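All of these numbers come straight from a predicted model, not from anything done at the bench. All ligand and atom numbering here is 1-based and tracks the order in the structure.
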Amino acid sequence: AAKNAGRNRFSYFTPDLQVEAERRLRLTNDLRVALPGEQFQLCYQPIVDLATGQVCKAEALIRWLHPERGTISPLDFVSLAEDTGLIVPIGDWVFRQAVHQARQWRDQFHPSFQISVNMSPVQVRQDSLLCARWSDYLAREGMPGQSIAVEITEGLLLQAESKIDEKLLTFRRAGIGISIDDFGTGYSSLAYLKRFDIDYLKIDRSFVHNLSVDGDNQALCEAMVVLAHKLGLQVIAEGVETTEQRDFLKAVGCDFAQGFLYSTPVPPDEFELLVWPLLAERAADAQG
Ligand code: C2E
Ligand code: MG
Ligand code: MG
Ligand code: MG
């Protein structure tokens, strides 16, 4: 047995771990030059108003166009960016891009078009001036706060971080929207929904996934909508892939839907090609 244990222990140091460590190190080094090298791209996924069918919002989702490895998903580099602190300048870049895109689409599509950006807890924790800087940027650009919403996770609100109230209040005062992302997957302490002034609750796609066959998920989605509405929040369902899911969500009063049913996240030019026909169709409908 001792011999086996010894062997297992030895296998703990197999090259696999070293390979993984080296991969992370290389990727981290590459990440340092990605921003100055203009290797990031912001894609946008439409968010549809279920009552009108109108595309009135979009979520900005970052992509890394690595010169050798091709497109790298945020799932594979956001944690590296958090560990190195690079998430702060990257997040600022995302925010500024989103503000400029919001200006253009407010002019083109919809005067109250809103773009949401994801905010890592590390950004908020490491950078005490972030909320003030973002609010100031909007003001300098002459853009209303409502043109942007920040997506935060439940975990952030539960952190023993006293300043979080103050920071969110800075956003609040600037009129910036606040969404709870991936709702239902974290601690789901309902107390914070009351304590913080939040605009949107985003139902995590794991609850939407098998909505047409899973009675429990139906009950959970419906309950989340009722709860949110009672507290004065609007609800966005993530990961809507089928018309059955959309119809169910609409029937229980969910406000907005986002998912592959409408579009995957796409670059701005594709987004415009996608949204224009939808608007034209609606204009034609309105004329009878
Ligand atoms: P998230 O904020 O929950 O974003 C939604 C994710 O679900 C996106 O993955 C999107 O492509 C995917 N999705 C949307 N609709 C569907 C659907 O119908 N079916 C399925 N299966 N998936 C769908 P993506 O773009 O890979 O982003 C993953 C996560 O990376 C995001 O999750 C967010 O937490 C993070 N992230 C993305 N962009 C940023 C960013 O700019 N900053 C930070 N800090 N995090 C980001
Ligand atoms: Mg999000
Ligand atoms: Mg989400
Ligand atoms: Mg999610």
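With hydrogens and angles left out, the side-chain atoms of Tyr200 and Lys57 include a donor and acceptor closer than 3.5 Å.
Heavy-atom proximity to Pro265, at under 4.0 Å, picks out these atoms of ligand 1: 11 (O). Within ligand 1, counting atoms from 1 as listed, the ones closer than 4.0 Å to a heavy atom of Gln45 are 14 (C), 15 (N). Close approach of ligand 1 to Gln123 (heavy-atom distance below 4.0 Å) involves ligand atoms 44 (N). Near Glu238, with a cut-off below 4.0 Å to any heavy atom, the atoms of ligand 1 are 3 (O). Every atom of ligand 1 is numbered from 1 in the order shown, and the set under 4.0 Å from a heavy atom of Gly259 is 15 (N), 18 (O).
Distances between N or O atoms of Gln258 and those of ligand 1 include no value under 3.5 Å. Of the polar atoms of Ile62, at least one N or O is found under 3.5 Å from an N or O of ligand 1, judged by distance alone. Backbone and side-chain nitrogen or oxygen atoms of Ala60 are examined, and none is located within less than 3.5 angstrom of a nitrogen or oxygen of ligand 1.
Checking Glu59 against the Mg ion (ligand 2), an N/O/S atom falls under the 2.8 Å cut-off. Look at Ser116 and the Mg ion (ligand 2): no N/O/S atom of the residue is under 2.8 Å from the metal. The Mg ion (ligand 2) has no N, O or S atom of Asp182 inside 2.8 Å of it.
Sorted by first and then second residue, the salt bridge (charged side-chain N to carboxylate O under 4.0 Å, His left out) pairs with a member in residues 214-236 form an empty list; sequence neighbours excluded.
Surrounding CD of Glu38 are at most 12 heavy atoms belonging to other residues, nucleotides or ligands under 6.0 Å away.
When non-hydrogen atoms are compared, ligand 1 lies under 4.0 Å from neither the backbone nor the side chain of Val117. With a heavy-atom cut-off of 4.0 Å, Val94 touches ligand 1 through its side chain alone. Neither the backbone nor the side chain of Thr264 has a heavy atom within less than 4.0 Å of ligand 1. Residue Lys202 does not touch ligand 1, judged by heavy-atom distances below 4.0 Å.
Judged as a ring pair (Phe, Tyr, Trp, His ring centres under 6.0 Å), and not counting sequence neighbours, the contacts of Phe271 are Trp105.
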